[in-house]
Amino acid sequence: GDSVTQKQGQVTLSEDDFLFINCTYSTTTYPTLLWYVQYPGQGPQLLLKVTTANNKGISRGFEATYDKGTTSFHLQKASVQESDSAVYFCALAPNSAGNKLTFGIGTRVLVRP
Amino acid sequence: EAAVTQSPRNKVAVTGGKVTLSCNQTNNHNNMYWYRQDTGHGLRLIHYSYGAGSTEKGDIPDGYKASRPSQENFSLILELATPSQTSVYFCASGEGYEQYFGPGTRLTVL
């Protein structure tokens, strides 16, 4: 079955630091790769998507790049702010119309002022 | 205005008791989902539904039932609650890969 792996449980940064979170996946389909963000006290919300056709997704200053060779799609942001403190989940939809998502365990990002 | 709402927001139950978690969506989405969130496990799918009257088992359905009486409402039922079901539960609605989550229900089973 499909799986996604996030190895970083928590990342602590200072404002203006560079954020990088890696995620690897395994699937037999042509997936859509997703990053969801969960702010404190809220449910997750879609941050951005990457398809295997376009290789890159950009939203709200965040960028995700898909690497077919390593089956990975990392999330990065050049300069984080305290308001970016949240839990970030990578997820996989088995195809562009996929309804059943597979989530990673999440990476808690704490940005200190 | 919130499109996915959950009730209750917090619940304390006793072992062996029955618990019903409710979810309502105004997105008019056919698909709805129930997840639980636990540290070290992320979001795990319990049950989902393709429309009124339909329920499907997700990845961890044991100990849970679901009910979808209408397009708007989707319930998660714990007939005999156990302490291992202590968790935060999220309902979501969506079509395709974008899912819209509710604010969550924190359930504690003593």
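Within every chain, numbering begins at 1; the chains are lettered A, B, ... in the order of the sequence lines, protein sequences first and strands thereafter.
- Looking at A/Gln6, neither its backbone nor its side chain comes within 4.5 Å of chain B, counting heavy atoms on both sides.
- A/Val87 and A/Leu13 fall into different hydrophobic clusters, where Ile, Leu, Val, Met, Phe, Trp and Tyr side chains are chained together by heavy-atom contacts under 4.5 Å.
- Using a 4.5 Å cut-off between heavy atoms, B/Leu43 touches chain A through backbone and side chain atoms alike.
- Atom-to-atom distance recorded for B/Thr39:OG1 and A/Arg108:CZ is 7.0 Å, nearest 0.5 angstrom.
- Hydrophobic clustering, with ILVMFWY side chains joined whenever heavy atoms are under 4.5 angstrom apart, keeps A/Val4 apart from B/Tyr97.
- Under the 4.5 Å side-chain contact rule for hydrophobic residues, B/Phe90 and B/Leu107 do not share a cluster.
- If you chain together hydrophobic residues whose side chains sit under 4.5 Å apart, B/Met32 and A/Leu46 never meet in one group.
- Taking OH of A/Tyr36 as the reference point, atom CZ of B/Phe101 lies at 6.0 Å (rounded to 0.5 Å).
- Contact of B/Tyr48 with chain A is made through the side chain alone, with heavy-atom distances under 4.5 Å.
- Note on B/Tyr50: it clusters hydrophobically with B/Leu45, by side-chain heavy-atom contacts below 4.5 Å among ILVMFWY residues.
- Contact annotation for B/Gln37: only side-chain heavy atoms (C-beta onward) come within less than 4.5 Å of a heavy atom of chain A.
- Closest heavy-atom contact between B/Asp59 and A/Lys100: OD1-NZ, 3.6 Å.
- For the atom pair CG (A/Leu101) and CD (B/Glu98), the distance works out to 10.5 Å, reported to the nearest 0.5 Å.
- Within 6.0 Å of the CZ atom in A/Arg112, the count of heavy atoms belonging to other residues, nucleotides or ligands does not exceed 12.
- Of all non-hydrogen atoms in A/Phe89 and B/Gly42, the two that sit nearest each other are CE2-CA, 3.9 Å.
- Contacts between B/Asp38 and chain A at a heavy-atom distance below 4.5 Å are absent for every atom of the residue.
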